[in-house]
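The chains referred to below are lettered A, B, ... by the order of the sequence lines, with proteins before strands, and numbering in each begins at 1.
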Amino acid sequence: MSALDPVVLFFVLGVAAGLMRSDLRLPSAVYEFVTMVLLLAIGLKGGVELSRQPLAPLVPQMLAVVAMGLLLPLLAYPVLHHAGKLARADAASIAAHYGSVSVGTYAVVAAYLSAQGVAFEEYMPVFVVLLEVPAIVVGILLARGWNAGHRWGELGREIFLGKGVVLLAGGLLIGWVAGADGVQPIGALFFDLFKGILALFLLEMGLIAVSQLGDLRRCGLFLGGFAIGFPLLAALIGGTLGWVLGLSPGGTVVLATLAASASYIAVPAAMRMAVPQANPSLSLAAALGVTFPFNILIGIPLYHAAVRLLYPDGA
Amino acid sequence: MSALDPVVLFFVLGVAAGLMRSDLRLPSAVYEFVTMVLLLAIGLKGGVELSRQPLAPLVPQMLAVVAMGLLLPLLAYPVLHHAGKLARADAASIAAHYGSVSVGTYAVVAAYLSAQGVAFEEYMPVFVVLLEVPAIVVGILLARGWNAGHRWGELGREIFLGKGVVLLAGGLLIGWVAGADGVQPIGALFFDLFKGILALFLLEMGLIAVSQLGDLRRCGLFLGGFAIGFPLLAALIGGTLGWVLGLSPGGTVVLATLAASASYIAVPAAMRMAVPQANPSLSLAAALGVTFPFNILIGIPLYHAAVRLLYPDGA
Amino acid sequence: MSALDPVVLFFVLGVAAGLMRSDLRLPSAVYEFVTMVLLLAIGLKGGVELSRQPLAPLVPQMLAVVAMGLLLPLLAYPVLHHAGKLARADAASIAAHYGSVSVGTYAVVAAYLSAQGVAFEEYMPVFVVLLEVPAIVVGILLARGWNAGHRWGELGREIFLGKGVVLLAGGLLIGWVAGADGVQPIGALFFDLFKGILALFLLEMGLIAVSQLGDLRRCGLFLGGFAIGFPLLAALIGGTLGWVLGLSPGGTVVLATLAASASYIAVPAAMRMAVPQANPSLSLAAALGVTFPFNILIGIPLYHAAVRLLYPDGA
Amino acid sequence: MHTETRTLLTVVCEASVASRLIADLERLGARGYTITEARGKGGRGVRDAGWDRSANLRLEVVCDAATAHAIASHLRDHYYDHFAMILFLAEVKVLRARKFGSDTA
Amino acid sequence: MHTETRTLLTVVCEASVASRLIADLERLGARGYTITEARGKGGRGVRDAGWDRSANLRLEVVCDAATAHAIASHLRDHYYDHFAMILFLAEVKVLRARKFGSDTA
Amino acid sequence: MHTETRTLLTVVCEASVASRLIADLERLGARGYTITEARGKGGRGVRDAGWDRSANLRLEVVCDAATAHAIASHLRDHYYDHFAMILFLAEVKVLRARKFGSDTA
Ligand SMILES: Nc1ncnc2c1ncn2[C@@H]1O[C@H](COP(=O)(O)O)[C@@H](O)[C@H]1O
Ligand SMILES: Nc1ncnc2c1ncn2[C@@H]1O[C@H](COP(=O)(O)O)[C@@H](O)[C@H]1O
Ligand SMILES: Nc1ncnc2c1ncn2[C@@H]1O[C@H](COP(=O)(O)O)[C@@H](O)[C@H]1O
Ligand code: NA
Ligand code: NA
Ligand code: NA
């Protein structure tokens, strides 16, 4: 049962400590360390998997996933801009966050499924990498249109060379080149410790989530509703796509979760540079204060239950 | 033989490096990381153990241990105030430190006994948590009496929500809820690495101990004597209590060590807020500069030897 | 094949990220942590090995290695001072760097050989410790001559008590005293995680190497050539010495690599204090920007290939 | 470029008072503050450690002179006796003066 | 001891602008800068986090008055509206004045 | 609130000189100091690294003018030529003037 999965309990501990205004914090250097190890580990796992099979058959799946990454922000934007009356820049920036993915959420769903003994396509990290970027581009275009003003070169660097993407993609390439045997000697750090390090990460995420509540209150109800409602819609889209692509039940749960997750690493940094007039606390409050907790506490088990209905036997 | 236990050798290395005025230091972010992992690991271990057995039978033991936590500072205070001529606030603050426990010392005695192949009640971390707080309350009352001036609410937060207590108690709860199987996936970080991380912790503790010597010299002989004499008395009390409570020989050694140890995490922070007029360098110099080294180098093997006399067969 | 060794791939990733001007960096506290664990781990491994055999037979080897540590800077100095027209202080400082050793390079050659299934004398870390210091003394004498002005006492502290030497030598002593069984409980951190932590270290080293390129350009071609040419000569000397001393093929590769490596931990700090007029960016640019990358990407496999010719059967 | 004068109040003190100190600052009218981790030495000895045991923090507040003096005397009255702390005041020029309180000094 | 007057420009701002900010400083004539990590609170709320998400940095430039004013107005025009940032200027005495630009103010 | 004037001496230099620098300060009469980790850029290039390799530190001393000038000239004479270092002086107001040395300037 997810709620009992200890890594999730660490998140709950963080939330509780935060609500009780404990002085607990992960030193920022430690938080960076933990995040870097998670990103590299997820990349390595995916890369090793890629090295096990021909790439060609995956290309159609990859394209479909990228298409989803382009579609989601286009769905989110009008809701935020028209229904939510958010300024164009804010709506575009939030849309980019929700079109992209949260690596932390991926780590939790992977841990959840393995704890449940549900198999999934181990190359999923490839999708994580692919989903990071497209939504950012869409978000920038939504905010600024096709005008010449873009310094796309510099933006490209911001987007593709942010540490998040570099570590994830770098890990993927290393895993791909080195293969299972090559990676084995570094497995003790990146694989055996994965869940323990994820636990520390979630402890801090719980504290961060609470620290967002203040901003969230200021953002008002609409954004709070969006931060739960949109992930549900996105999960439906992601799940359907997974089903159409013929992914395993587990893989379908993962893709639904990825679609439902909102980025808080690659996108904020890129948006800050590309669309500075957007208020970053809106998107962070929604992504970290609502969507992340919702997904790991309720969303993932929910998406899993839904997929179980699709595949009575299996999952 | 304790002196050869490598984790203790790391402490010796730290002391040697400190005495030779090496520039060696654990970056403070790393020191916090190491401390957090130790606290969580100890809590988790104890919680897992609790999940294995009914709580009820332990309640009497717990109450007795809390009573000891209330008694010890009441014994220490008059010695410090009257015999030692220390100001009321200082005497009360030091008494609180010695009535509470040192998690680092617990980690060493646990490592020592497992290295010696001596079993002990694995739920001992519960006692560590229980012993953290009572002495603090007694210390505050000794320093300030029952006057209304206390902002107990705020103090309570300082006491119970300091990161030390939160991590220890939080780990305990998580271990309790998740149980042995639930915790297994995070065991590689929290259990397999425990002794290695303890070694790094002790390296820094050795450096810290040396850095206290300057203050210690200023404190004079009396405090130095107290920092060795009182732990011996407390160990006698703790050991006797363990024997009365029918703990295993190993458990008796642990309880004696806990009684003999002096806190340097929860108590200093709380006392700083509750009894600011107390000079913190007195209690830290005694606890870190004398009592901690004494316990891990001499005290623990000594308490063990004493218990061996009590239980010729066993231990 | 070395280039495929994943730890080396992490170095390549760091270089790539640096060249593309990514904002990736290891927080300095994490970099220190990683370095400390590597130094302790290498020391521990060597110490455990020492505890397995009598010391006496090694003494001649040790003396020969120290002699090499005194010889190498004496060879490097005239090249730098006369051929390279470098100021006396700069030539002496760089000579000291190249006479000493790089612990990171040792870690890579050790990982490389174990990946290749080539055995070597496990007590090699003793040579690493022994090679740290002599070149520093020679460098100081080359820069300042035998005048009285030396505060050798203080210098001695700078040299022998820098954290690098303390951790390496301290780990060695602990391993020696504790022996294989004693060290086993801390093996999960210091041995099992070794390669994963080395990977993180190399990631940062790649970023650092790139950050040196600017300085390097300023230093001009000669220094760049020296930073590759001298290691080749030194490797020849070290390899020959290993062969004369009757080391195993693997041990010969290690000694060649040690000779070819340039220090960037112990020496820079000591030289900064002893020969402040030497420009530190020259030696760091050469050691970190050229020699380190050269050795781990090209040098090590090259020295290995050369030794294979010497020992057709074996290696 | 139009600038106005405001007061920069710098406090160096033991980290353990952080939360309490910040609460007081804001109560006394500071509209913002900046904190950096620090270590150091003074009348109460060397302060240099992790786990907050004896770390310092360096806190800066830019505000009008009146607020600066109010904060300074509050700290002197409520912190100086028991906590490791120093403070000093300096005049600085700022661009958006409103942001830092109207200068009523 | 001969000293000359120069201007110390201190900027506290969100870490995300670091690289861009430094490029601008150097273009505007700063010959050096010093950065420390910081956290804090201001009009845009609390800023205190790792992974750059909402960390602050505190940047100092010692330069001549003209350069300081050029930088200050550039920041006001290009950063104030969208980024968490404050800056203040103060007079300081330096020893090797050349190092910090000839004072043309 | 009664304040007195003292001098704030700020030094930014390479971390490698820390212990030596502190010893000199105290010998020259500083009664305390505050240090923060820093990185930066100057005449000797970019300084930004871990393991002390090329980190900077930012050191502040509040003292009387005479002591400040004594320290400043000592640093100029013994450090400037070979170490990455800058320093600047500013006047500040303090509350407990004795703490920082009697102003003999
Ligand atoms: N004269 C001084 N100059 C600069 N910083 C100081 C000075 N005196 C004290 N400090 C700082 O203020 C902290 C507390 O001072 P104290 O209460 O005197 O121990 C010290 O740890 C230093 O960081
Ligand atoms: N009055 C103030 N005094 C000192 N620092 C401030 C002040 N106001 C803002 N800051 C710092 O400047 C940063 C950005 O300010 P703001 O744009 O107002 O949020 C804050 O996070 C603080 O670190
Ligand atoms: N103009 C400046 N403004 C602020 N900090 C500076 C300046 N010049 C140098 N620094 C700092 O002082 C350190 C040493 O300076 P330098 O000796 O010129 O390399 C640099 O790494 C910077 O941190
Ligand atoms: Na998404
Ligand atoms: Na005790
Ligand atoms: Na060498």
Assess whether atom NZ of C:K195 is packed by more than 12 heavy atoms of other residues, nucleotides or ligands within 6.0 Å. yes
For C:R217, is the CZ atom crowded, meaning more than 12 foreign heavy atoms sit under 6.0 Å from it? no
Quick one: salt bridge (charged side-chain N to carboxylate O under 4.0 Å, His left out) partners of F:E91, sequence neighbours excluded? none
Are there residues of residues 270-279 of chain C whose heavy atoms fall under 4.5 Å of chain F's heavy atoms? If so, which? C:R272, C:M273, C:P276, C:Q277
Would you say C:R21 has more than 12 foreign heavy atoms packed within less than 6.0 Å of its CZ? no
Taken in chain and number order and not counting sequence neighbours, the residues that satisfy salt bridge (charged side-chain N to carboxylate O under 4.0 Å, His left out) with C:D215 are C:R218
Report the residues that fulfil ring-ring contact (aromatic ring centres under 6.0 Å, His included) with F:H74, sequence neighbours left out, ordered by chain and then residue number. F:H78
Can you tell me how far OG of C:S281 sits from CZ of F:R44, rounded to the nearest 0.5 angstrom? 9.0 Å
